[in-house]
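What follows is a short report on a single structure.
Indexing begins at 1, ligand by ligand and atom by atom, following the structure's order.
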Amino acid sequence: MSPSPHLHTPRLQLRPLRQTDQGFISSLLGDAQVRQFLGGAVDLQRRSAAVAAYFSGEEGETAWLVQTGIGQLPLGLVHLSPHWDEPCLELSYQFAPGAWGKGYAIEAVQCVRDHVLQDRKQERVLAETQAANTASCRLLQRLGMTELRRLQRFGAEQVIYTTAP
Ligand SMILES: CC(C)(COP(=O)(O)OP(=O)(O)OC[C@H]1O[C@@H](n2cnc3c(N)ncnc32)[C@H](O)[C@@H]1OP(=O)(O)O)[C@@H](O)C(=O)NCCC(=O)NCCS
């Protein structure tokens with residue numbers, strides 16, 4: 001796992017994961033709504049290994065816990081990892097349903113996108129999402145990311161969005 005620098009936005013703090021986040025991460029992984037386009041809820045038998053994977057990620061992976069600036073209420077996760085096909089980083093994100101519809105996710109994803117482009121000086125960053133995941137597609141389009149291509153993966157049509165062609 002690569003180190004996750006502390007980042008912030010007007011409303012949010014993005015910080016490295018702590019062992020005490022395990023319960024929150026487990027609740028995200030076990031939530032059928034959150035996992036609707038991510039292969040479904042992770043069942044209890046596989047849950048602790050899936051949570052542990054967030055703490056022992058491969059080199060090149062970075063994860064942030066997103067929390068409110070006031071009150072430090074955990075809202076979601078933003079994750080960076082090498083993309084499956086392209087030689088660049090991919091952004092992924094999952095937020096608790098109670099945090100949807102408030103613009104928190106886009107604020108956090110924009111912050112990590114800017115970190116990759118400005119601090120890490122990468123030429124581009126990708127995000128891959130199911131075409132059926134309209135909330136996720138909308139978020140990426142609102143950030144000005146454009147469609148690179150579509151493909152079938154994990155049994156579903158996926159759209160790859162990019163910050164630059
Ligand atoms: C994808 C996901 C992060 C989108 O969350 P979201 O809250 O809809 O996204 P945003 O942060 O962009 O919020 C946008 C909504 O908040 C509303 N909003 C309210 N206050 C706002 C504010 N201050 N700023 C911006 N938007 C605000 C917007 O109007 C918009 O509503 P709309 O989509 O009905 O038009 C969320 O659905 C999720 O976690 N899904 C499960 C995991 C997943 O599928 N991840 C994607 C695969 S990588």
N/O to N/O below 3.5 Å, does that happen between [X] and ligand 1?
| X | answer |
| --- | --- |
| Leu91 | no |
| Thr129 | no |
| Gly101 | yes |
| Asn133 | yes |
| Leu139 | no |
| Arg142 | yes |
| Phe37 | no |
| Ser136 | no |

Could you check whether atom 21 (C) of ligand 1 has a protein contact, counting only heavy atoms that fall below 4.0 angstrom?
yes

My question is simple, although I want it checked carefully: is atom 29 (O) of ligand 1 less than 4.0 angstrom from any protein heavy atom?
no

Please state which part of [X] comes within less than 4.0 Å of ligand 1, counting heavy atoms only: side chain, backbone, both or neither.
| X | value |
| --- | --- |
| Gln36 | neither |
| Gln94 | both |
| Leu38 | side chain |
| Arg138 | side chain |
| Tyr104 | backbone |
| Gln158 | neither |

[atom]: which protein heavy atom is closest, and how many Å away?
| atom | answer |
| --- | --- |
| atom 39 (O) of ligand 1 | Phe95 N, 2.8 Å |
| atom 45 (N) of ligand 1 | Tyr93 O, 2.8 Å |
| atom 12 (O) of ligand 1 | Ile106 CB, 3.4 Å |
| atom 26 (N) of ligand 1 | Gly103 CA, 3.3 Å |
| atom 3 (C) of ligand 1 | Ala105 CB, 3.5 Å |
| atom 42 (C) of ligand 1 | Val34 O, 3.4 Å |
| atom 38 (C) of ligand 1 | Trp100 NE1, 3.4 Å |

Decide if atom CD of Glu123 counts as having more than 12 heavy atoms of other residues, nucleotides or ligands within a radius under 6.0 Å.
no

CD of Glu58: more than 12 outside heavy atoms within 6.0 angstrom?
no

pair Glu107-Pro10: side-chain heavy atoms closer than 4.5 Å:
yes

Are Leu126 and Leu91 packed together at the side-chain level, in the sense that at least one heavy-atom pair is separated by less than 4.5 angstrom?
no

Donor on one side chain, acceptor on other, Arg150 and Gln158, under 3.5 Å:
no

Do you see a donor-acceptor pair shorter than 3.5 Å between the side chains of Tyr54 and Gln22?
no

Could Arg153 and Glu128 be called an ion pair, given the rule that one side-chain N must be under 4.0 Å from one carboxylate O?
yes

Hydrophobic cluster identity match, Leu143 and Leu7, side-chain contacts under 4.5 Å
yes

Is it the case that the side chain of [X] and the backbone of [Y] share a donor-acceptor pair, with hydrogens and angles ignored and the cut-off at 3.5 Å?
| X | Y | value |
| --- | --- | --- |
| Arg47 | Ser26 | yes |
| Trp100 | Phe95 | yes |
| Lys102 | Ala99 | no |

Tell me, please, which residues at least two apart from Asp43 pass salt bridge (charged side-chain N to carboxylate O under 4.0 Å, His left out).
Arg46

At the 4.0 Å heavy-atom cut-off, does Arg35 count as touching ligand 1?
no

Among the heavy atoms of Gln33, does any lie under 4.0 Å from an atom of ligand 1?
no

Rounded to the nearest 0.5 Å, what separates atom [atom1] in [X] from atom [atom2] in [Y]?
| X | Y | atom1 | atom2 | answer |
| --- | --- | --- | --- | --- |
| Leu140 | Gln110 | CG | CD | 11.5 Å |
| Leu17 | Asp21 | CG | CG | 5.5 Å |
| His115 | Ser4 | NE2 | OG | 8.0 Å |

